[in-house]
*Asks:* 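Can you read through this structure? Questions will come right after.
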Amino acid sequence: MFKYKVLAVIVIVVYFLQPFLFSNGGIGADSLSYFGIAVDLPNPETNLFPLGYPVLLRLMYEITQDWFWASRILSTLFVVVILGFSYFKKFYFRETVLLFTGKTCLFVFLQAMSEGPFILLLYFLFYFLHQMFLDKNKSYQNAISASVILICMFSVRYSGVYIYVSILFFSLLMFFKLKRASYFKSYLLFVFLSGLGIASYLFFNYLNFGSFTGENLRGPAMESLPIYIIRSVLGVVNAVDPFIGIKPSSLSFASMAFQLLVFLVDIVIFIYLLKFFKKAKDDPSYYFHIMLWCMAAIYAVALLVSGWYQQIEEMNVRMMAAANVCLFFSFLILYFKNVTSDKWIWRVCCFFFVFLTAYNLKDTDNFLKNKKMVEPQMSKFKNRKYLYNDERQIETITTYHILFTNKSFQYKHTNKQIGSLKENIIGTLNPKIKWLMNDTIKDKSKVLYTSEIKFKRD
């Protein structure tokens with residue numbers, strides 16, 4: 001157990017430090033939207049995103065007076081809370097530590113995005129559902145706690161409703177078996193309270209913003225070309241893979257061939273996970289594992305279908321975060337229950353933790369230095385209300401040399417593009433400024449163009 005404690009500490013340190021070595025510090029376009037909602041509190045102007053994460057950001061901002069530090073401290077706290085809770089509650093501590101060696105946690109907790117608190121709450125939902133199934137003495141208490149957690153998940157990400165839908169699906173699938181269980185009434189209470197809470201939040205949105213989830217604010221879905229559908233389906237299948245999440249944006253033959261290779265690996269992994277899932281039939285927590293698999297399947301498919309009707313990201317590690325965590329956590333629990341030695345899983349997880357950390361740092365930068373360059377310039381643009389990236393034509397290409405060969409290849413990192421980088425920093429320093437997709441404002445004196453901000457490396 002000592003080695004898991006050591007790894008937990010290493011995880012916390014690595015998760016905290018890595019974003020400082022990213023060009024954008026883990027700040028993306030959605031981060032700016034969350035900051036914008038947070039700065040408007042207690043009078044939000046939009047319900048494009050739910051209020052849960054912006055409220056947390058605002059509370060931390062009141063302490064730090066800096067939006068970047070607010071997001072960074074929150075993300076680190078999420079990691080500490082999960083690991084600390086697991087350790088002190090003796091809730092699958094080894095499994096939880098290894099969960100953080102995977103691709104999902106190494107992505108969502110390094111970025112300023114709502115997936116961080118969403119996965120935190122999902123973990124607590126695991127705990128209370130697990131306890132409700134196994135602890136007969138506190139089934140009602142656990143049911144109420146689980147319903148509060150699920151409502152909070154919806155208040156952080158609207159996709160939390162898909163977790164609720166998966167629970168309804170599980171209820172129908174296992175109804176006759178659940179009906180005979182001692183916790184059946186408490187389970188029904190959980191389902192009822194969760195549905196009531198989610199419905200109440202939707203009603204609140206409709207009364208205050210005229211829409212349930214900001215559906216009128218989202219653009220049309222991407223063109224449904226077969227190649228994009230294939231890539232999204234591959235992204236959904238990749239949810240079964242705990243570690244490999246590389247998904248090139250290129251549509252070249254080489255890129256698609258690589259993604260097909262990853263798909264074949266994913267199929268092999270799925271078969272391996274299924275092998276352990278079948279071993280859960282004689283386990284007291286069998287229903288718990290069925291629920292986790294239902295969550296993963298329904299959540300992944302529901303998001304895929306949603307992407308065909310509204311403007312959301314292509315299915316990737318971020319979009320499949322909850323599904324991947326459900327499957328990986330279920331597998332880790334069953335692995336330790338059915339395999340006597342942890343040497344194999346320990347070595348594999350540690351290897352990929354090191355590999356993924358190194359991969360994240362393949363093109364390091366200094367975010368605080370970049371931020372420091374922009375900060376003193378912002379005082380000149382206090383009257384600007386809009387932000388537009390007019391440097392999209394300027395491309396920053398990174399060249400990588402392949403070890404032990406004379407060959408090299410070039411790659412265009414989205415977060416390394418000078419205009420995008422400035423845009424993210426400006427939005428972090430002044431969340432009230434509204435970034436524009438197109439330069440449509442007639443009064444140009446109200447628009448801050450990224451070219452007006454100077455970097456010493458420009």
Side-chain angles (χ1 to χ4, degrees), residues 86 91-105 119 122-123 125-134 146 162-178 180-181 183 187 233-245 262-304 315 317 320-349 352:
S86 174
F91 182 66
Y92 300 117
F93 179 67
R94 293 178 301 179
E95 295 84 345
T96 301
V97 173
L98 295 184
L99 191 66
F100 279 91
T101 65
K103 65 181 182 182
T104 294
C105 290
I119 296 302
L122 181 63
Y123 183 82
L125 183 66
F126 292 166
Y127 173 77
F128 288 115
L129 289 176
H130 182 274
Q131 296 305 100
M132 182 172 66
F133 289 146
L134 297 179
Y162 300 141
I163 298 293
Y164 182 68
V165 170
S166 70
I167 288 169
L168 293 179
F169 177 81
F170 169 79
S171 303
L172 293 174
L173 182 68
M174 307 299 295
F175 179 78
F176 293 104
K177 292 184 178 180
L178 290 173
R180 296 193 296 268
Y183 51 79
Y187 178 81
V233 170
L234 291 178
V236 169
V237 176
N238 189 237
V240 306
D241 195 321
F243 304 110
I244 304 173
V262 173
F263 169 74
L264 296 176
V265 173
D266 293 341
I267 295 300
V268 173
I269 290 175
F270 175 74
I271 294 172
Y272 187 71
L273 297 183
L274 198 59
K275 171 186 172 183
F276 277 89
F277 175 69
K278 290 179 179 178
K279 294 182 179 181
K281 290 184 178 180
D282 299 323
D283 193 281
S285 57
Y286 178 51
Y287 289 164
F288 174 69
H289 290 284
I290 294 178
M291 178 172 280
L292 291 190
W293 278 63
C294 285
M295 283 183 184
I298 300 299
Y299 186 87
V301 172
L303 271 182
L304 175 65
M315 299 302 104
V317 173
M320 293 291 106
N324 181 257
V325 168
C326 287
L327 292 176
F328 193 21
F329 192 57
S330 173
F331 162 72
L332 288 170
I333 293 172
L334 293 173
Y335 182 88
F336 278 100
K337 286 186 176 181
N338 291 280
V339 179
T340 55
S341 173
D342 69 344
K343 287 183 179 180
W344 183 87
I345 193 69
W346 169 260
R347 291 170 181 172
V348 169
C349 287
F352 276 105

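What you see is a predicted model; the values in this text were computed from it and never measured.
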*Asks:* Is the shortest side-chain heavy-atom distance between Ile271 and Ile267 below 4.5 Å?
*Replies:*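 Side-chain contact under 4.5 Å: yes.
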*Asks:* What is the distance from atom OH of Tyr92 to atom CZ of Phe126, rounded to the nearest 0.5 Å?
*Replies:*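 Tyr92 OH to Phe126 CZ: 12.0 Å, rounded to 0.5 Å.
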*Asks:* Do Met315 and Leu234 have side chains that approach each other closer than 4.5 Å (heavy atoms only, starting at C-beta)?
*Replies:*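 Result no, sub-4.5 Å side-chain heavy-atom pair not found.
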*Asks:* Using side chain to side chain contact (heavy atoms under 4.5 Å, CB included) as the criterion, point out the one residue from Val240, Ile269, Ile345 that pairs with Phe331.
*Replies:*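 Checked Val240, Ile269, Ile345 against Phe331; only one passes side chain to side chain contact (heavy atoms under 4.5 Å, CB included): Ile345.
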*Asks:* Taking all non-hydrogen atoms of both residues, which atom of Gly245 and which atom of Val317 are closest, and how far apart?
*Replies:*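 Of all heavy-atom pairs spanning Gly245 and Val317, the closest is O-CG2, 3.6 Å.
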*Asks:* With a 4.5 Å cut-off on side-chain heavy atoms, are Leu122 and Cys326 touching?
*Replies:*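 Side chain of Cys326 against side chain of Leu122, heavy atoms only: contact under 4.5 Å found.
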*Asks:* So that I know where these two stand, are Phe91 and Tyr123 an aromatic pair - ring centroids less than 6.0 Å apart?
*Replies:*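 Yes, close enough.
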*Asks:* Above 12 or not: heavy atoms from other molecules or residues under 6.0 Å from OH of Tyr335?
*Replies:*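 Yes, OH of Tyr335 has more than 12 neighbouring heavy atoms, counting only those of other groups under 6.0 Å.
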*Asks:* With a 4.5 Å cut-off on side-chain heavy atoms, are Val348 and Phe352 touching?
*Replies:*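 Phe352 vs Val348: side chains touch.
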*Asks:* Determine yes or no for a side-chain-to-main-chain donor-acceptor pair under 3.5 angstrom, with Ser330 supplying the side chain and Leu327 the backbone.
*Replies:*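 Between the backbone of Leu327 and the side chain of Ser330 there is no qualifying donor-acceptor contact (under 3.5 Å).
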*Asks:* Which class fits the ring pair Phe133 and Tyr287: parallel under 30°, tilted 30 to 60°, perpendicular over 60°?
*Replies:*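 Taking Tyr287 first and then Phe133, their aromatic rings stand perpendicular (interplane angle over 60°).
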*Asks:* Considering only NZ, NE, NH1 and NH2 on the basic side and carboxylate oxygens on the acidic side, decide whether Asp342 and Arg94 come within less than 4.0 Å.
*Replies:*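 A salt bridge is absent here (no side-chain N lies under 4.0 Å from a carboxylate O).
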*Asks:* Is the shortest heavy-atom distance from the side chain of Met174 to the side chain of Cys294 under 4.5 Å?
*Replies:*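 They are not in contact (no side-chain heavy atoms under 4.5 Å apart), so the answer is no.
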*Asks:* Work out which heavy atom in Asn324 is nearest to a heavy atom in Lys103; give both atom names and the distance.
*Replies:*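 Asn324 and Lys103 have their closest heavy atoms at ND2-CE, 3.7 Å.
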*Asks:* Is the closest side-chain heavy-atom distance between Leu292 and Phe277 below 4.5 Å?
*Replies:*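 A side-chain contact under 4.5 Å is absent here.
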*Asks:* Do you know which two heavy atoms are closest between Met320 and Ala239, and how far apart they sit?
*Replies:*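 The pair with the smallest heavy-atom distance is CB-CB, 3.9 Å.
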*Asks:* Are Lys279 and Phe276 in a cation-pi contact, defined as NZ or CZ under 6.0 Å from the six-membered ring centre and within 45° of the axis?
*Replies:*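 That pair qualifies as a cation-pi contact.
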*Asks:* Taking all atoms of both residues into account, what is the closest heavy-atom pair of Ile298 and Ser166, and its distance?
*Replies:*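 For Ile298 versus Ser166, the nearest heavy atoms are CB-CB, 3.6 Å.
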*Asks:* Take the angle between the ring planes of Phe288 and His130 and call it parallel below 30°, perpendicular above 60°, tilted in between.
*Replies:*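 The rings of Phe288 and His130 stand perpendicular, inter-plane angle above 60°.
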*Asks:* Given side chains that start at C-beta, do those of Leu273 and Phe328 come closer than 4.5 Å, heavy atoms only?
*Replies:*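 Side-chain contact under 4.5 Å: no.
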